[in-house]
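Worksheet: one structure, shown below.
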Amino acid sequence: MDRAGRDGGQWRRLLLVAAALASAPLAALAMAQPPASPAAAPQTITPQTATPQTITPPPPAAAVQIPAFSPAEALAAVGVLRAADQQGLQPKAYLPETLPADGQLSGAQQAALADGVLRYAHDVRVGRLEPGDFPELWALRPAPYDPRPELAAALTENRLQPWLDSLPPRYAGYVALKRGLARYREIAAGGGWKAIPDGKPMALGSHDPRVNALRARLAAEDPQVVAVGPAVFDAALQAAVQRAQVRFGLKPDGVVAKSTLDALNQPVGERVLQIIANMERWRWLPQAMPATRVQVNSGAAIVTLFRDGKPLLSMKAVSGKVGDETPMLASAIHSIVINPPWNVPAGIAEKELWPKERAKPGYLAAHGYRVIKVEGSAPRLQQASGDDSSLGRFKFDFDNPFAVYLHDTPAKHGFDLFARQASHGCVRLEKPRALAEALLEGDTKWTPDAIDTQLEGDKTVRVPLPEKVPVFIMYWTAFGGGDGQMHFRSDPYGWDRDLLKLAGVLSSAAKA
């Protein structure tokens with residue numbers, strides 16, 4: 001769709017999406033709802049004959065009238081629209097074709113500018129996707145937003161510029177991406193960087209004609225690297241390679257083999273697009289995040305617990321593999337299951353476990369599975385709790401339509417990998433005990449000693465949290481690091497390109 005061609009009907013459509021989004025995971029942010037009242041004692045109801053009444057529906061809400069822009073306000077609005085590219089947006093989608101330089105607008109020009117400002121306000125606040133554009137697994141979605149009342153108030157109260165400035169997300173993560181976007185566009189304007197030719201791995205001490213190309217490539221992003229130097233892979237170059245590997249989420253061994261070479265050879269234009277895609281996802285979040293929350297980045301396979309707005313605990317994770325992608329969502333952890341059994345999903349049982357039992361009878365019993373007969377249906381499998389359970393000793397439950405959760409695992413080797421998308425969709429945790437203790441801190445019953453006692457056996461117990469803790473599962477493949485540099489991941493699910501197509505940045509016919 002040509003975004004510049006959208007009309008005011010878009011804003012009317014926004015009012016219709018509330019019902020569709022009412023069941024979306026962001027509704028789970030209403031964490032503190034009181035429990036339902038106990039059922040009242042049965043009562044005898046005496047039927048009564050009601051007198052039919054004519055119900056008159058309320059009149060429709062009056063359309064919001066947008067006041068005229070003063071010349072100064074028109075120029076301010078045009079300036080913001082022209083700078084929409086700084087927000088990863090496209091100015092041509094919002095700017096009217098012809099406006100006078102002095103800001104003196106005709107009636108038609110007033111309407112065109114108001115329409116452009118409204119579309120910009122919507123897109124920079126909640127993103128460019130329509131509700132029906134979101135794939136099922138992208139369940140982290142913005143609330144409906146109609147900017148018309150805000151624009152009308154801003155013009156009436158002579159505060160248009162502050163309102164326009166308030167629209168983009170205020171999160172540090174978004175601001176870091178905006179800063180990174182400007183920097184990588186500057187690199188692109190300067191000619192970008194040249195690809196390093198293929199060849200055998202380069203490491204400390206290598207004398208390779210490609211060393212100079214490697215040094216120049218690293219200098220394009222890393223201010224600590226001098227672009228010209230000796231044609232030998234020295235210690236300073238090794239340290240620069242290690243820094244780059246950290247930024248790419250690779251093993252920082254200082255060796256330029258295939259994975260490192262592939263990351264370095266991504267064109268700067270691809271990095272610009274990656275930043276734009278991740279800026280778009282920031283717009284789907286609520287205007288303010290809960291101060292205490294669990295954040296999962298499935299793209300980088302990292303889990304972080306925030307308390308009072310600051311990271312308290314961070315750990316590696318294993319997220320879903322391609323084909324079993326971990327969904328984006330928002331919910332709230334309501335309980336921790338200690339010594340959880342694993343109720344095996346039917347698809348996993350059919351594709352993976354029953355074939356193993358048929359190939360080697362006794363496999364299921366040897367691995368702690370029991371067969372549970374289900375009347376009128378295929379039997380299901382359950383793996384007993386304990387050290388060998390696929391869920392380990394801890395499971396963190398939160399409501400969601402995908403039946404995913406966070407959990408422990410006996411397969412600790414997965415955390416040694418740097419590409420950690422390997423699960424069936426749930427998120428495996430490197431430090432589940434630490435997360436459980438942090439979430440239960442202050443609970444006088446479930447102290448660390450009490451948890452130890454429970455773990456001595458295999459008895460399953462569900463521990464409700466004193467307060468629900470919001471959990472956000474997001475997908476970040478570009479983000480600012482603590483070193484002030486942009487960090488990138490490989491887009492394991494291919495969702496960056498999907499998003500860019502849906503947002504109209506890339507053609508749907510663009511190469512995948």
Measure across [X] and [Y] and return the closest heavy-atom pair with its distance rounded to 0.1 Å.
{"X": "P142", "Y": "F134", "value": "CD-CZ, 3.6 Å"}
{"X": "I276", "Y": "G88", "value": "CG2-O, 3.5 Å"}
{"X": "T460", "Y": "N339", "value": "OG1-O, 2.6 Å"}
{"X": "M202", "Y": "L214", "value": "CE-CD2, 4.1 Å"}
{"X": "P230", "Y": "D234", "value": "CG-OD2, 3.7 Å"}
{"X": "S331", "Y": "D399", "value": "OG-O, 2.5 Å"}

With respect to M474, which candidate in T326, V296, L140, N297 satisfies the side chain to side chain contact (heavy atoms under 4.5 Å, CB included) definition?
L140
Quick check: are there more than 12 heavy atoms from other residues, nucleotides or ligands sitting under 6.0 Å from NZ of K316?
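Enclosed.
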State whether the number of non-hydrogen atoms from other residues, nucleotides or ligands found under 6.0 Å of K194 atom NZ is greater than 12.
no
Parallel, tilted or perpendicular, as decided by the 30° and 60° cut-offs, for the rings of Y475 and Y493:
parallel
Fit a plane to each ring of F488 and Y184, take the angle between them on a 0 to 90° scale, and name the class: parallel (under 30°), tilted (30 to 60°) or perpendicular (over 60°).
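Perpendicular: the ring planes of F488 and Y184 meet at over 60°.
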For the residue pair [X] and [Y], establish whether any side-chain heavy-atom pair is separated by less than 4.5 Å.
{"X": "L435", "Y": "L305", "result": "yes"}
{"X": "K258", "Y": "D198", "result": "no"}
{"X": "W495", "Y": "R281", "result": "yes"}
{"X": "L440", "Y": "L465", "result": "yes"}
{"X": "Q421", "Y": "V322", "result": "no"}
{"X": "H487", "Y": "V246", "result": "yes"}
{"X": "T260", "Y": "V255", "result": "no"}
{"X": "D397", "Y": "H334", "result": "yes"}

Using a 6.0 Å distance limit plus a 45 degree cone around the ring axis, check whether K395 lies over the aromatic ring of Y405.
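Yes, K395 sits over the ring of Y405.
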If the threshold is 4.0 Å, N to carboxylate O, is there a salt bridge linking [X] and [Y]?
{"X": "R283", "Y": "E280", "answer": "yes"}
{"X": "D133", "Y": "K501", "answer": "no"}
{"X": "E441", "Y": "R307", "answer": "yes"}
{"X": "D308", "Y": "K310", "answer": "no"}
{"X": "R497", "Y": "E270", "answer": "yes"}

Once you round to the nearest 0.5 Å, how far does [atom1] of [X] lie from [atom2] of [Y]?
{"X": "I372", "Y": "R380", "atom1": "CD1", "atom2": "CZ", "value": "3.5 Å"}
{"X": "M486", "Y": "L181", "atom1": "CE", "atom2": "CG", "value": "9.0 Å"}
{"X": "N278", "Y": "L499", "atom1": "CG", "atom2": "CG", "value": "8.5 Å"}
{"X": "L500", "Y": "L273", "atom1": "CG", "atom2": "CG", "value": "5.5 Å"}
{"X": "E437", "Y": "R433", "atom1": "CD", "atom2": "CZ", "value": "4.0 Å"}
{"X": "D123", "Y": "L129", "atom1": "CG", "atom2": "CG", "value": "9.5 Å"}

Under 3.5 Å: donor-acceptor pair, side chain of [X], backbone of [Y]:
{"X": "S319", "Y": "S298", "value": "yes"}
{"X": "N400", "Y": "A403", "value": "yes"}
{"X": "Q224", "Y": "A236", "value": "no"}
{"X": "S423", "Y": "G320", "value": "yes"}
{"X": "R370", "Y": "L364", "value": "no"}
{"X": "R420", "Y": "I302", "value": "no"}
{"X": "Q266", "Y": "R271", "value": "no"}
{"X": "Q295", "Y": "F306", "value": "no"}
{"X": "R217", "Y": "L264", "value": "yes"}
{"X": "R210", "Y": "P197", "value": "yes"}

Tested for salt bridge (charged side-chain N to carboxylate O under 4.0 Å, His left out) against R393, the lone hit among D408, D388, D452, D458 is D458
